[in-house]
Amino acid sequence: MRLSQYLITTSKEVPKEAKCISHKLMLRAGLIMRFAAGIYSYLPLGYRVLAKVTSIIEEEMNQVGAHQLLLPFVQPAELWKKSGRWGNYGEELVRFKDRKEADFVLGPTHEELITQLMKHQINSYKRLPLTVYQIQTKFRDEPRPRAGVIRTKEFLMKDAYSFCQSEKEQMTIYEKMKQAYERIFSRCLLNYRLVEADTGPIGGERSDEFIALAPLGEDRIVECEECEYVAKLEKADTGFPTSGDRCPLCKSKIRIKRGIEIGHLFWLGEKYSRSLKATFLDRMGKERYFVMGSYGIGVSRLLAAIIEQNHDEEGIIWPKEIAPFQAAIIATSPETFKVAQEIYLRLRRGGLDILWDDRDLSPGVKFNDADIIGIPFKIIIGNTFLKESKIEIKTRREKTTVKVKKDVVFQKMKELVQNAK
RNA sequence: CGGGACGUAGCGCAGUCUGGUCUAGCGCGCUUGCUUUGGGAGCAAGAGGUCGUGAGUUCAAAUCUCACCGUCCCGACCA
């Protein structure tokens with residue numbers, strides 16, 4: 001991509017609305033723009049990052065045999081009345097009437113719809129177990145959106161639903177999904193904890209949450225300094241502990257930490273299949289309710305969590321799998337413009353995703369832009385090239401530099417990208 | 001929804017207390033030209049504002065009063 005032809009607007013100054021690091025950096029790097037409280041659009045650069053995260057999630061979901069589909073965002077209220085959530089989901093549920101005065105909701109989650117879908121699609125145990133997922137915009141009319149993209153009214157979510165014939169089968173899926181989540185969050189370079197949680201308005205019998213550690217997080221967890229013990233603050237075995245209290249398991253000191261909820265697993269059991277009368281015929285020809293699970297990842301929120309844990313003074317430091325571009329090419333003098341172009345074309349032909357900063361600006365501006373955006377490598381063609389015929393490659397995260405000859409830049413870049421975090 | 005802060009150019013701010021000097025100013029960014037080119041360059045010339053909205057007080061309102069709208073923070077609530 002030629003930067004001069006791309007929609008990128010970075011900023012030295014921070015809009016005063018932003019208080020937390022990820023929000024500031026997302027605005028400064030020009031990833032998002034706010035239209036109302038908790039309502040954001042993603043600019044091309046932000047969308048690229050969102051797409052990278054999305055594709056990691058898709059890979060891992062497909063890996064565990066989940067099938068991607070797309071449910072409607074606008075949902076008939078009828079199903080919500082059947083499940084009982086029309087009455088008890090609360091004001092977060094946006095309701096409206098169409099021109100014929102029929103009730104609808106904007107989907108905050110999709111248990112009702114997917115259950116209804118499966119009720120019609122599956123009627124034999126031979127087709128089970130089955131897991132499906134979608135990546136889609138959700139709407140929840142939050143009383144107080146906050147911290148940029150961490151709590152918004154409209155957000156991108158991956159929601160998966162599993163349908164099984166028994167609790168035992170459901171347990172297997174639940175575990176597989178948990179492992180898939182662990183791989184997803186590791187690929188995002190997130191430091192997270194897995195804790196048991198409340199089921200909330202989704203309901204069901206148990207739930208587990210993935211919490212990315214971050215000081216601005218809304219969730220509090222209790223963690224032992226020595227042993228494995230970790231729990232949500234409100235579910236801790238010792239009432240309402242404070243830092244320095246004793247671990248209920250090993251009596252060492254515990255710590256309170258804050259974090260952002262990035263993923264949630266729900267053991268739904270028959271909650272929705274019963275209320276929507278979704279059944280299949282088992283081996284004995286007997287009608288049975290599906291045993292269900294649902295599994296969410298806040299995709300847009302993930303970006304904020306990743307930035308909270310991967311940044312420095314200069315800006316974002318994207319993990320290589322998430323970076324909008326793998327490298328930025330920067331020519332620091334007019335004489336090296338042609339060489340930069342040549343390298344850009346070479347690397348692009350080789351399949352690397354490159355941002356060529358071909359703007360007529362001073363080098364400092366280009367360095368700073370590449371840094372705030374968080375591009376993992378800067379390929380610098382300037383004085384060093386004119387003097388030593390060498391091209392420099394600087395690593396964003398480790399801040400190291402290597403110098404290479406022009407004709408091996410592609411090879412070296414492939415190697416660096418391969419080994420990068 | 002309770003408590004607090006804020007709203008002046010695309011962004012960051014000054015001016016508001018004590019009304020007139022404001023035909024509203026500064027920095028960044030933007031446009032044009034020339035010079036520059038290794039960590040946010042220099043000079044020159046420019047463009048850009050219903051001072052959140054509405055009503056009121058006054059000879060006179062960015063400035064005072066009231067109402068409303070919007071934004072952010074803390075809390076409650078929630079994924």
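Any value given below was found using the heavy atoms of this structure, including those in side chains, with hydrogens, waters and symmetry copies removed. Remember, it's a predicted structure, so these values are computed and weren't measured experimentally. Chain naming here is simple, since letters A, B, ... match the order of the sequence lines and numbering starts at 1 in each.
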**Prompt:** B/U71 phosphate, OP1 or OP2: any side-chain N/O from A/Arg146 under 4.0 angstrom?
**Reply:** no

**Complete:** Taken in chain and number order and not counting sequence neighbours, the residues that satisfy salt bridge (charged side-chain N to carboxylate O under 4.0 Å, His left out) with A/Asp353 are A/Arg48

**Prompt:** Who pairs with A/Glu175 by salt bridge (charged side-chain N to carboxylate O under 4.0 Å, His left out), at least two apart in sequence or on another chain?
**Reply:** A/Lys178

**Asked** Counting only Watson-Crick or G-U wobble pairs whose two distances fall under 3.5 Å, which nucleotide matches B/G33?
**Response** B/C43

**Item:** Length of the CD1-C1' vector between A/Ile8 and B/C30, whole Å
**Value:** 18 Å

**Request:** Send over the distance from A/Glu13 CD to B/C26 C1', rounded to a whole Å.
**Result:** 12 Å

**Message:** Using a heavy-atom cut-off of 4.0 Å across all strands, would you classify A/Thr152 as base, sugar-phosphate, or nothing?
**Reply:** base

**Request:** Let me know which of A/Ile57, A/Thr54, A/Val53, A/Ile184 forms a side-chain contact (heavy atoms from CB on, under 4.5 Å) with A/Lys158.
**Result:** A/Ile57

**Item:** Separation of atom NZ in A/Lys16 from atom P in B/G12, rounded to whole Å
**Value:** 6 Å

**Prompt:** Could A/Arg359 and A/Asp357 be called an ion pair, given the rule that one side-chain N must be under 4.0 Å from one carboxylate O?
**Reply:** yes

**Message:** Could you tell me if A/Arg34 sits above the aromatic ring of A/Tyr40, with its cationic atom closer than 6.0 Å to the ring centre and no more than 45 degrees from the axis?
**Reply:** no

**Complete:** When rounded to whole Å, the CZ to P distance for the pair A/Phe35 and B/G70 reads 17 Å

**Message:** Please give the distance between the C1' atoms of B/C51 and B/C13 as a whole number of Å.
**Reply:** 14 Å

**Fill in**
Using Watson-Crick geometry (N1-N3 plus N6-O4 or O6-N4) or G-U wobble (N1-O2, O6-N3), each under 3.5 Å, B/A67 is paired with B/U53

**Message:** Heavy atoms from C-beta onward define the side chain here; which of B/G75, B/C72, B/C11 lies closest to that of A/Arg144?
**Reply:** B/G75

**Message:** Ring-plane angle category for A/Tyr89 and A/Trp80, please: parallel below 30°, perpendicular beyond 60°, tilted otherwise.
**Reply:** perpendicular

**Fill in**
When rounded to whole Å, the CE to P distance for the pair A/Met33 and B/U71 reads 14 Å

**Request:** Mind telling me whether A/Tyr6 and A/Phe325 have parallel, tilted or perpendicular rings, with 30° and 60° as the class edges?
**Result:** perpendicular

**Message:** Once you apply a heavy-atom cut-off of 4.0 Å, does A/Ala197 come out as touching a base, just sugar-phosphate, or nothing?
**Reply:** nothing

**Request:** Scan A/Ala147 against the nucleic acid and name what it touches under 4.0 Å (heavy atoms): base, sugar-phosphate only, or nothing.
**Result:** sugar-phosphate

**Fill in**
Closest of B/C11, B/C6, B/C78 to the A/Glu142 side chain is B/C78

**Item:** A/Glu223: which of A/Arg255, A/Lys232, A/Lys257 passes salt bridge (charged side-chain N to carboxylate O under 4.0 Å, His left out)
**Value:** A/Lys257

**Request:** Taking the six-membered ring of A/Trp318 (Phe, Tyr or Trp), confirm whether the NZ or CZ of A/Arg396 is under 6.0 Å from its centre and within 45° of its axis.
**Result:** no

**Fill in**
Taking a pair to mean Watson-Crick or G-U wobble geometry with both distances below 3.5 Å, B/C72 pairs with B/G4

**Request:** State the pairing partner of B/C59; accept Watson-Crick or G-U wobble contacts with both distances under 3.5 Å, and report none otherwise.
**Result:** B/G20

**Item:** Interatomic distance at P, B/U8 relative to B/U50, whole Å
**Value:** 11 Å

**Message:** Using atom C1' in both nucleotides, what's the gap between B/U23 and B/A60 to the nearest angstrom?
**Reply:** 15 Å

**Asked** Looking only at atom C1', what distance separates B/A9 and B/A24, rounded to whole Å?
**Response** 11 Å

**Request:** Calculate the interatomic distance between A/Leu216 atom CG and B/C72 atom P; express it in whole Å.
**Result:** 15 Å

**Fill in**
A correct 5'-to-3' footprint of nucleotides 35-45 of chain B, with B, S and - meaning base, sugar-phosphate only and no protein heavy atom under 4.0 Å, is --BBBBS----

**Prompt:** Considering only the C1' atoms, how many Å lie between B/C64 and B/A47, rounded to the nearest integer?
**Reply:** 35 Å

**Fill in**
Nearest-nucleotide check on RNA chain B, A/Pro15 vs A/Gly148; residue mapping nearer the 5' end is A/Pro15

**Request:** To the nearest Å, give me how far apart CD1 (A/Ile150) and C1' (B/C73) are.
**Result:** 14 Å

**Item:** Nucleotide opposite B/A9 in a Watson-Crick or G-U pair, distances under 3.5 Å
**Value:** none

**Item:** C1' spacing across the pair B/G46 / B/C6, given as an integer number of angstrom
**Value:** 33 Å

**Request:** Grab the CZ-P distance between A/Arg220 and B/G75 for me, whole Å please.
**Result:** 7 Å

**Prompt:** Among B/C28, B/G75, B/U71, which is the nearest nucleotide to the side chain of A/Arg34?
**Reply:** B/U71

**Message:** Regarding A/Pro143, tell me which of base, sugar-phosphate or nothing describes its non-hydrogen contacts under 4.0 Å with the strands shown.
**Reply:** base

**Atom C1', compared across B/G25 and B/G49: separation rounded to whole Å** = 12 Å

**Message:** By nearest atom, which of the nucleotides B/C11, B/C73, B/U71 is closest to the A/Ala37 side chain?
**Reply:** B/U71

**Request:** Please measure how far the P atom in B/A67 lies from the corresponding atom in B/G4, and state the result in whole Å.
**Result:** 14 Å

**Message:** Over 60° means perpendicular and under 30° means parallel, so tell me whether A/His264 and A/Phe266 are parallel, tilted or perpendicular.
**Reply:** parallel

